[in-house]
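For reference, positions follow the sequence shown, starting with 1.
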Amino acid sequence: MTITVRDKSFVPFISAQAIQARIATLGEQITQDYADKNPLCIGILNGAFVFAADLVRAVACPLEISFLKYASYEKMQSSGKVKQLLGINENLEGRHIIIIEDIVDTGATMQQVRKDLKSAGASSVKLAALLFKPKAVRSDIHIDYLGFEIENRFVVGYGLDYDGAGRNLDAIYVIA
Ligand code: 5GP
């Protein structure tokens, strides 16, 4: 079934059920890996707010959650430049951090986030990303907890927007 977001058509790509099943598995892995570490999960706004909310509820060990806001995308193309817009208040010294990101495209955002968190004194920094576009990656990014590897096409839904719209869709759609 084709849907319209603003002026573009999108078709179903990853169902809500498939997303939730994958998140349950990632949650179990994080629970095992961080049982006694009280990790600080940092969701990258805006896109990761839905994934972060579901992922932390799939984790059974104690954790804390905060958010960071960066920006690099204008409409449908990554600018390749990243700037930090909103910081976090927590003391990161000695903390075990899990970055929660919606999608890794060029990897520019993740490189910047990792650098910032390491220089703030974090003990470890791991990355959970719902989606990864391997063809688009310019930089060497390791994703510790990956939802789905996808082809290099524009997607919306489940937190991801097209020009501000479509974030509330409970599944992921790809441009038709
Ligand atoms: P990167 O810094 O890796 O190039 O870009 C990552 C950010 O670009 C993501 O957090 C997301 O906001 C945006 N992005 C990358 N690919 C897509 C896509 O296919 N759809 C949407 N809606 N956003 C994307």
Side-chain angles (χ1 to χ4, degrees), residues 13-72 78 82 84-152 155 157-160 167 170-172:
F13 188 51
I14 307 174
S15 71
Q17 226 178 1
I19 295 169
Q20 295 305 328
R22 187 73 194 119
I23 287 175
T25 304
L26 297 179
E28 282 166 21
Q29 287 170 10
I30 293 171
T31 304
Q32 281 178 10
D33 295 350
Y34 288 87
D36 50 4
K37 293 198 169 112
N38 186 35
L40 175 62
C41 300
I42 300 180
I44 309 301
L45 294 172
N46 293 325
F49 80 105
V50 179
F51 177 45
D54 283 345
L55 185 63
V56 294
R57 285 179 294 172
V59 176
C61 63
L63 57 75
E64 292 166 36
I65 180 148
S66 189
F67 290 91
L68 260 182
K69 186 160 183 168
Y70 286 79
S72 79
S78 180
V82 190
Q84 183 175 359
L85 299 179
L86 202 120
I88 42 178
N89 302 320
E90 286 82 357
N91 180 6
L92 301 183
E93 200 73 44
R95 294 302 303 262
H96 295 286
I97 311 283
I98 304 172
I99 304 164
I100 304 181
E101 176 65 304
D102 50 2
I103 181 165
V104 174
D105 183 356
T106 64
T109 307
M110 272 313 103
Q111 272 196 330
Q112 170 100 23
V113 176
R114 266 189 198 273
K115 208 176 88 197
D116 289 353
L117 296 178
K118 277 282 182 192
S119 61
S123 274
S124 69
V125 181
K126 286 199 179 182
L127 169 60
L130 181 65
L131 303 173
F132 174 55
K133 288 181 176 173
K135 283 192 191 142
V137 155
R138 289 194 299 242
S139 40
D140 186 21
I141 293 287
H142 177 68
I143 302 177
D144 303 277
Y145 305 99
L146 173 63
F148 304 91
E149 195 169 299
I150 63 167
E151 56 193 295
N152 191 16
V155 291
Y158 197 74
L160 290 151
R167 293 193 196 276
D170 68 351
I172 294 169

Closest approach of [X] to [Y] (non-hydrogen atoms, all atoms of both residues):
X: S123; Y: H96; result: CB-CE1, 3.8 Å
X: A52; Y: I65; result: CB-CD1, 4.2 Å
X: F49; Y: L45; result: CB-CD2, 4.1 Å
X: E90; Y: S66; result: OE1-OG, 3.2 Å
X: R114; Y: V125; result: NH1-O, 3.0 Å

>> Using the rule side-chain contact (heavy atoms from CB on, under 4.5 Å), only one of D54, I103, I14, D102 pairs with Y158; which is it?
In response: D54
Show the atom names and distances, to 0.1 Å, of all donor-acceptor pairs under 3.5 Å that link a side chain in residues 24-31 to residues at least two apart or in another chain.
| residue | atom | partner | partner atom | Å |
| --- | --- | --- | --- | --- |
| T25 | OG1 | A21 | O | 3.4 |
| T31 | OG1 | G27 | O | 2.6 |
| T31 | OG1 | A60 | N | 3.0 |

Roughly how far, to the nearest 0.5 Å, is the [atom2] atom of [Y] from the [atom1] atom of [X]?
X: F51; Y: I19; atom1: CZ; atom2: CD1; result: 9.5 Å
X: F132; Y: I141; atom1: CZ; atom2: CD1; result: 8.5 Å
X: T109; Y: L68; atom1: OG1; atom2: CG; result: 11.5 Å
X: L117; Y: I98; atom1: CG; atom2: CD1; result: 12.0 Å
X: I44; Y: E101; atom1: CD1; atom2: CD; result: 5.5 Å
X: L160; Y: R167; atom1: CG; atom2: CZ; result: 7.5 Å

Does a side-chain heavy-atom distance below 4.5 Å link [X] with [Y]?
X: L131; Y: I172; result: yes
X: M110; Y: I143; result: no
X: L127; Y: H142; result: no

> Are V56 and I100 close enough, and set up right, to give a side-chain contact (heavy atoms from CB on, under 4.5 Å), and what steps lead you there?
Replying inline: CA-CA 10 Å; V56 294; I100 304 181; 4.2 Å; yes
>> More than 12 heavy atoms of other residues, nucleotides or ligands under 6.0 Å from NZ of K115: yes or no?
In response: no
Residues 33-42 side chain polar contacts: donor-acceptor under 3.5 Å, at least two apart:
| residue | atom | partner | partner atom | Å |
| --- | --- | --- | --- | --- |
| D33 | OD2 | Y145 | OH | 2.6 |
| K37 | NZ | D33 | O | 3.4 |
| N38 | ND2 | E64 | OE2 | 3.0 |

